[in-house]
Structure formats: C-alpha cells, structure tokens
2 protein chains.
Amino acid sequence: MKILEMTTQLVLENGFAGTTIDQILAKTQITKGAFFYHFKSKSDLAYYLMRHFADSDMSVMNRVLADTQGHERNALERLIAFVDWFVAEFEGLNEPYMCLYASYLYEPEQFSDDTKQIVADSILLWRKELEELLEGAKKQVPSHVEFDLASLADHFTVIMEGAFIVSKALNDPSLTAQHLLHYKKYLELIFRVK
Amino acid sequence: MKILEMTTQLVLENGFAGTTIDQILAKTQITKGAFFYHFKSKSDLAYYLMRHFADSDMSVMNRVLADTQGHERNALERLIAFVDWFVAEFEGLNEPYMCLYASYLYEPEQFSDDTKQIVADSILLWRKELEELLEGAKKQVPSHVEFDLASLADHFTVIMEGAFIVSKALNDPSLTAQHLLHYKKYLELIFRVK
DNA sequence: TTTACTAAACAAACTAGTTGGTACAAATAT
DNA sequence: ATATTTGTACCAACTAGTTTGTTTAGTAAA
C-alpha cells in the first residue's frame, strides 16, 4: 500500500516516535480522517508498517531461494549464489539501505509485543533458510573447520544489519556489498573453496 | 555524568524523539530548572549525550589497545587478543548491549550534522586502529588470501553493530560474543593460524 | 558573590485522536 | 425500472492533552 511504503521512509528518517501523523498526511496527501479510517491508532499503524516490511522481506528471501534452486545439484554453489544475489542487489544502490527491523529495535518501548514478535520471527526465518543452505553445503563438502549451523546462518543477518549501520554512518552505500563479500569469503575459507 | 548516563538508557529504550524531558526528570530526579541550567535545549542534550557516549567508546578502545600492547613482538597475537577482549566483555553480559551510534543513525533527521559527525568520526577511529593492528599482522604473516585493510577493519564494527541488533531481536545477549568469535575465526583463516 | 540548583506556574506550539459531515457506488426494496 | 438504503472511503474543523521551553522567586554552599 502507498501509505505504508511512504510512511516507512519517514520512519527510517525520523524514527517512529519522531514521525508525526501530520508528517504522514503531508507526504501521502491524505487527510486525518482518511488516516484514522484506515488505522485505529498510531500504534496500529506501527504494527501494519512492520507486517508490510516483513512480508516484503520474506518474499525477497523466498524469491532468491527459488531463483537459486537451479544449483540444486551443488549445494555449496547454491549457497554462494544466494549470497551473491544480495551482493549484486546492494552494489546497485546509490544511497545506504536502512532496515525497519533495526529501526524498531532501537526504540523498543514504542511497540507492542505483537509488533516486536514479527521482527524476531522474520530473523528466525532467515536463520532457518540459511541453516538449510549451510547444511546442504556441509554435507556436500565436509568442512575442516567446525562451526555451529544456526550461528553461521545468523551471521549473514548480523553482517547485513551491521553493514547498513556502518554504510549509513559513513554515508557510503557501497559498504554493504563489501561486507557481504566478507561473509562469502568466510564461507569459502570454511569450505576450503579455492 | 549521571544525567547523561541515565538518559542514554532512556534513549536506547524509547529513541531520542520518543524520550521526553519529563521522563528524564523522573528518572534522574532532577528538576526542569536544573535540566535547562545544564542544557540549552533538548537538541543540545542530544549532542552532549553522543559526545559522552563516543568518549566512553574511544576510551574503552584505547584501554584495550594499551592492554594488548604486551603482545608487541607478535602482531597477530595482539590482534587476536584485541578481539578476545571484546569476546570476553560481551560474554559477561546478561542483557543485550545497545549502541547509541545505531540509535542515532536510525532517526537521523532528529540530529544536527555536528552530532552525526561524532558518530562518523568514532567509526573511522575504530577503522584506523584496527587497520594498524591488521597491517602489523599482515606484515608478520603474509596472508595467502587477499583483502582490503580498511574493509576488514570496518568488518569488526559491522559485526559488532549487527550482533547488537540480532541479540536484541532474539533477546539473547550471548549472540554478540558468538559473532565476534566468527570475526576471530575469519582472521585466523585469513592468516592461516593453526 | 557566583555556581548550582529547587519549586511552581505558565505559555506557545504541537500531537493524537474525534466528530459530524459528504460523495458515491452497490445492494435491496417497491 | 426506480427509489431507498447501506457501506466504503474520505474531508475539514475541532478538542483535549502533551511537550518544550520560560519565568520568577528563592535556597545552599564554596
């Protein structure tokens, strides 16, 4: 929905508490009446904003999983292709990407448990899917280095989120892709790819 | 200062825009008169809050740099000892650590350029010091893997910041140390330790 | 006598949310 | 086939409460 997408932009710039309904009205060109027709309250908006963001995020993840399914015979190649997709995606940006999960996590008192649960569930879904990719690679190429599957899966998300922050701090969008390449290199070293 | 430290806690829970001066007065047990005696405005507070946080951060970094100076003869050991210090530090926490840099970066419109510059400068100081540690290690143990010094230095900060977020999302303080151990393992693989 | 406050009242601006209405299309009744 | 009702989507103006910041008059101590 247009309102949700435009408001997400405002929230990423001002924080949720720092975004006023009047700002949303000015940006989306709707009236207060229309706003409260669609949302019971500002905190109701917070919930739908996060649902929308998480839905998009999950659908990107699933699309990339589907797109890399062609590599089925080679699990390690598929894992690398998955990471490469995001490298390419973030190489194409000309301003730092920002994530609504992180935005909400840095003002947690503003949100209901329901809303925060969406964040946790989304991150656990990234863990689950990456864990499967890693497991496949591990079976195919028994690694000489020991590692915990879930933790190495989370490490992808950790690097993404951290890269968004450092990119933003230094106003250098290219950093995100660079740090994903470190994750890729780490995997290659673990699986002793040449 | 007591006010700055307590207010930082409030800001990390509510965001800066979401923290009211009345909340600060309630928490610090000072009066409105005292608050405006110390700070010209709320945005003046934002600046001193960040200065205080960055000063603490830089002094931790410098203390750990000094503490690991005993390893001078072995640059790689010193680098690893530096990382290990933070692993130990974050292993000892029983609630997720949160960083004011990230907090400010996720509501950038709330702050003056001066304030945001402190964040950028601090991150660049981490880069500078880690770059030197990495350079020492590289000279000592010419690595078989190619890497960019600045980027691998930033990668430490990236992993820290990302780990704070994932720790917070899953409410698992132990994750931060785990992900720093991934950075350590990555360095060991790059420098073919073991 | 300057520094560091306290207590309380106050104002101007802002903010979330309400109210009472309109426009219009689809469903239902006559 | 026409009239009436119903529901959806919206608007403009208003209200109640909050928030930042000021002011004033006074206290305690170094």
Side-chain angles (χ1 to χ4, degrees), chain A residues 1-53 55 100 103-116 118, chain B residues 1-53 55 100 103-116 118:
Chain A
M1 204 221 262
K2 184 194 71 176
I3 300 177
L4 293 178
E5 242 125 77
M6 291 175 118
T7 303
T8 298
Q9 258 333 103
L10 278 176
V11 170
L12 291 173
E13 285 156 13
N14 305 284
F16 180 76
T19 302
T20 66
I21 292 172
D22 284 349
Q23 273 178 285
I24 298 169
L25 306 184
K27 178 145 192 172
T28 59
Q29 297 278 62
I30 61 167
T31 61
K32 203 163 257 198
F35 178 87
F36 281 101
Y37 175 78
H38 290 296
F39 306 102
K40 272 203 301 291
S41 63
K42 198 188 172 192
S43 116
D44 190 47
L45 167 72
Y47 177 81
Y48 288 108
L49 230 38
M50 181 48 76
R51 279 211 52 165
H52 181 75
F53 183 85
D55 284 352
L100 201 64
S103 174
Y104 276 36
L105 289 165
Y106 267 102
E107 40 180 343
E109 292 297 308
Q110 305 294 330
F111 307 104
S112 70
D113 289 344
D114 273 10
T115 301
K116 283 182 278 191
I118 301 173
Chain B
M1 204 221 259
K2 186 194 68 173
I3 299 177
L4 293 178
E5 240 125 77
M6 290 176 119
T7 303
T8 298
Q9 259 331 107
L10 278 177
V11 170
L12 291 174
E13 284 156 13
N14 304 285
F16 180 76
T19 302
T20 66
I21 292 172
D22 283 350
Q23 271 178 289
I24 297 169
L25 306 184
K27 176 145 193 171
T28 58
Q29 298 277 64
I30 61 166
T31 61
K32 199 168 259 199
F35 179 87
F36 282 102
Y37 176 76
H38 289 296
F39 307 102
K40 273 203 302 287
S41 63
K42 199 189 172 191
S43 114
D44 191 48
L45 167 72
Y47 177 80
Y48 288 109
L49 230 39
M50 181 49 77
R51 280 210 53 161
H52 181 75
F53 183 86
D55 284 352
L100 202 65
S103 173
Y104 276 36
L105 288 166
Y106 268 102
E107 40 180 344
E109 292 297 308
Q110 304 295 328
F111 308 105
S112 70
D113 289 345
D114 273 9
T115 302
K116 283 181 280 192
I118 302 173

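Naming convention: chains lettered A, B, ... in sequence-line order (proteins, then strands); numbering from 1 in each chain.
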**Asked** So, for A/Y104 and A/F111, is the gap between ring centers shorter than 6.0 Å?
**Response** yes

**Message:** Is there, by distance only and without an angle test, a donor paired with an acceptor across the side chain of B/K32 and the base of C/dA7 below 3.5 Å?
**Reply:** no

**Asked** What class does the angle between the rings of A/F39 and A/Y48 fall in, given that below 30° is parallel, 30 to 60° is tilted and above 60° is perpendicular?
**Response** tilted

**Request:** Choose from C/dT3, C/dG17, D/dA12 the nucleotide whose nearest atom is closest to any side-chain atom of A/T31.
**Result:** D/dA12

**Message:** From CD of A/Q23 over to P of C/dA13, roughly how many Å is that when rounded to an integer?
**Reply:** 18 Å

**Message:** So B/S43, base contact, sugar-phosphate only, or nothing? Heavy-atom distance under 4.0 Å.
**Reply:** nothing

**Asked** For the pair made of CZ in B/F39 and C1' in C/dA4, what is the distance, rounded to whole Å?
**Response** 14 Å

**Asked** CZ of A/F35 versus P of C/dT19: gap in Å, rounded?
**Response** 17 Å

**Message:** Whole angstroms only, please: what is the CG-C1' distance between A/D22 and D/dT15?
**Reply:** 14 Å

**Request:** Output yes when at least one side-chain N/O atom of A/H38 is less than 4.0 Å from OP1 or OP2 of D/dT8, else no.
**Result:** no

**Prompt:** Taking atom CD1 of B/I21 and atom CG of B/L10, what is their separation to the nearest 0.5 Å?
**Reply:** 12.0 Å

**Prompt:** What is the distance from atom CD of A/Q23 to atom NZ of A/K27, rounded to the nearest 0.5 Å?
**Reply:** 9.5 Å

**Prompt:** Rounded to whole angstrom units, what separation is found between the CG atom of B/N14 and the P atom of D/dT19?
**Reply:** 11 Å

**Prompt:** Among C/dT18, D/dC11, C/dC5, which is the nearest nucleotide to the side chain of A/F36?
**Reply:** C/dT18

**Fill in**
To the nearest angstrom, the CD1-C1' distance between A/I24 and C/dC14 comes to 15 Å

**Prompt:** Is A/T20 touching bases, backbone alone, or none of the nucleic acid, heavy atoms closer than 4.0 Å?
**Reply:** sugar-phosphate

**Complete:** Side-chain atoms of A/I21 come closest, of D/dC10, C/dG17, D/dG21, to C/dG17

**Asked** Tell me: CG of B/L25 to P of C/dA8, nearest whole Å?
**Response** 14 Å

**Prompt:** CD1 of B/I30 versus P of D/dT27: gap in Å, rounded?
**Reply:** 21 Å

**Request:** Kindly say if A/Y37 contacts the phosphate of D/dA9, meaning a side-chain N or O under 4.0 Å from OP1 or OP2.
**Result:** yes

**Item:** Ring-face cation of B/K42 near B/F16 (centre distance under 6.0 Å, axis angle within 45°)
**Value:** yes

